[in-house]
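First listed ligand is number 1; within each ligand, the first listed atom is number 1. Residue numbers start at 1 and run along the sequence shown.
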Amino acid sequence: MTGFSTRAIHAGQDPDPHTGSVIVPIHATSTFVQDGVGGRRGGYEYARTGNPTRTALETCLAELEEGRHGLAFASGMAATDALLRATCRPGDHVVIPDDAYGGTFRLIDKVFRHWGVEHTAVGLSDVAAVRAAMRPATRLVWCETPTNPLLAIADIAALAHLAHEAGARLVVDNTFASPYLQTPLGLGADVVLHSTTKYLGGHSDVIGGALVTDDSELDEQLAFLQNGAGAVPGPFDAWLTLRGIRTLAVRMERHCDNAERIVAALRAHPKVISVHYPGLETHPGHEVAAKQMRRFGGMVSFTVHGGIDAALAVCSRTRLFTLAESLGGVESLIEHPGRMTHASTAGSKLQVPDNLVRLSVGIEDVTDLVDDVLQALAG
Ligand SMILES: Cc1ncc(COP(=O)(O)O)c(C=O)c1O
């Protein structure tokens with residue numbers, strides 16, 4: 001296998017054999033000519049079922065996650081929905097992280113519950129607690145690591161072992177780490193899920209999702225749903241995501257460099273109570289993170305003295321960090337999880353602290369970013 005950046009730039013992206021186009025074309029077509037009934041050129045018939053631009057993206061995603069099969073979806077939530085429907089039936093049970101992404105929790109709690117799929121929320125860094133949450137009907141252990149927004153770490157290899165012992169599958173939402181920092185299939189996970197909206201796309205200009213697996217039977221079921229339910233990305237979305245992916249490695253290195261500097265500044269600040277970043281030796285998941293991640297990523301969260309008002313004030317005072325949901329783009333973002341991305345968890349076991357602030361540290365000049373955070377904290 002070639003190096004990560006070589007795959008990011010070349011996998012699925014050979015020059016177009018017909019025109020010589022070096023860049024994968026945007027195949028803006030809904031249908032494909034047949035040379036006689038059933039005589040498909042290149043295997044394509046209808047663009048919900050398959051489109052060459054999407055194929056290029058799917059091939060590249062599979063290679064980056066070191067998996068055999070990749071499927072692209074219209075959003076991370078569409079990928080989540082397809083995976084849940086492919087693997088769960090009424091009466092089945094799913095174990096989810098107690099600080100899962102709010103949208104994942106909402107889909108499982110507010111939609112799949114009514115289709116007879118039950119769930120238990122548990123802290124995934126506690127393997128014994130996960131074991132205790134497993135039931136005979138458990139089909140999936142849903143893992144995020146690092147988690148959103150508290151940056152907790154789960155031991156992927158240990159969870160894979162535990163899930164398999166119980167006859168369940170392990171899915172890892174690898175959105176926060178990206179395949180540059182972490183490849184869960186090699187650690188025993190059965191499926192990797194992405195919101196490609198984030199680091200993979202990398203420029204906050206496209207929504208997308210992906211599933212990668214080595215399991216051919218599961219891939220067939222997922223592809224059936226991808227086509228049958230139809231939550232596919234259009235060719236321009238697939239192309240934008242692929243273009244972003246080509247620079248993933250250099251972007252991730254810079255995200256990590258900048259996040260480390262921001263973390264150091266936050267830790268030294270008297271208004272900051274705690275800093276959540278798996279790169280810190282004091283982080284309870286640091287050892288596991290160091291074992292399974294190349295570096296520790298661009299996401300940082302922290303709590304401030306003064307409760308929710310102080311946290312909201314910090315969010316409103318930054319000038320470079322833009323107040324917005326989402327993450328993983330080249331530009332730095334700030335948000336208040338309790339009021340924004342994780343508002344749907346209010347009143348549940350997944351509720352986040354109201355003095356928590358989350359940063360998606362971008363790739364701008366780090367001295368400008370540190371100055372901005374410091375002036376926002378100074379008030
Ligand atoms: C960890 C994680 N998983 C999944 C999703 C859902 O992805 P999308 O917004 O692309 O549907 C998000 C979105 O923020 C996320 O942060």
Side-chain angles (χ1 to χ4, degrees), residues 57 61 65 71-85 94 96-112 121 124 140-154 156 170-179 181-182 184 189 191-212 226 229-234 237-238 240-241 244-245 255 276 278 293 297-301 322-329 333-345 350 352 356 358-361:
L57 170 63
L61 285 165
E65 282 293 356
L71 292 170
F73 289 84
S75 68
M77 290 318 303
T80 301
D81 178 61
L83 180 60
L84 286 165
R85 278 193 281 155
V94 182
I96 62 169
D98 66 2
D99 60 348
Y101 166 61
T104 305
F105 168 69
R106 183 178 54 197
L107 184 68
I108 292 171
D109 186 53
K110 301 275 189 294
V111 179
F112 277 86
L124 295 193
L140 276 184
V141 175
W142 198 279
C143 170
E144 281 179 38
T145 182
T147 62
N148 178 9
L150 291 169
L151 286 308
I153 296 294
I156 296 172
L170 177 70
V171 49
V172 176
D173 181 335
N174 207 23
T175 300
F176 264 42
S178 89
L181 298 180
Q182 176 173 277
V191 196
V192 171
L193 181 142
H194 277 284
S195 167
T196 57
T197 313
K198 312 297 178 341
Y199 287 106
L200 282 161
H203 296 75
S204 305
D205 52 12
V206 60
I207 296 281
L211 293 169
V212 179
Q226 183 198 38
V232 293
D237 287 359
L240 271 179
T241 306
I245 284 175
H255 282 295
H276 304 276
M293 297 178 77
M299 298 303 296
V300 178
S301 62
T322 304
L323 179 64
E325 300 197 0
S326 200
L327 60 112
L333 301 179
I334 188 167
E335 69 124 1
H336 184 266
R339 283 274 175 91
M340 296 170 67
T341 48
H342 290 65
S344 63
T345 64
L350 284 79
V352 293
L356 185 76
R358 188 187 81 178
L359 301 177
S360 172
V361 181

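Among protein heavy atoms, the minimum distance from atom 4 (C) of ligand 1 is reached at Asp173 OD2, 3.5 Å. In this structure, the protein non-hydrogen atom closest to atom 13 (C) of ligand 1 is Lys198 NZ, 2.6 Å.
Expressed to the nearest 0.5 Å, how far CD of Glu325 lies from CD of Glu335 amounts to 6.0 Å. Here Thr241 contributes atom OG1 and Ile207 contributes atom CD1; the two are 9.5 Å apart, rounded to the nearest 0.5 Å. In this structure, CG in Leu181 is found 8.5 Å from CG in Asn174, a value given to the nearest 0.5 Å.
Polar contact with ligand 1: absent for Glu144 (N/O pair, distance under 3.5 Å). Residue contacts with ligand 1: Met77 is placed with a nitrogen or oxygen under 3.5 Å of a nitrogen or oxygen of the ligand (distance criterion only).
Listed by number with element, the atoms of ligand 1 under 4.0 angstrom from any heavy atom of Gly76 are 7 (O), 8 (P), 10 (O), 11 (O). The atoms of ligand 1 that sit less than 4.0 Å from any heavy atom of Asn148 are 16 (O).
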Can you list the steps and then say if Arg85 with Leu83 is a side chain to side chain contact (heavy atoms under 4.5 Å, CB included)? CA-CA 5 Å; Arg85 278 193 281 155; Leu83 180 60; over 6 Å; no

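Side-chain contact between Leu150 and Leu356 is present, with heavy atoms from C-beta onward closer than 4.5 Å. Residues Tyr101 and Glu144 form a side-chain contact, since some pair of their non-hydrogen atoms from C-beta on lies under 4.5 Å apart.
In this structure, Gly208 is part of the shell of residues with a heavy atom less than 4.0 angstrom from ligand 1.
Contacts of Glu325 with ligand 1, taken as heavy-atom pairs under 4.0 Å, are absent altogether.
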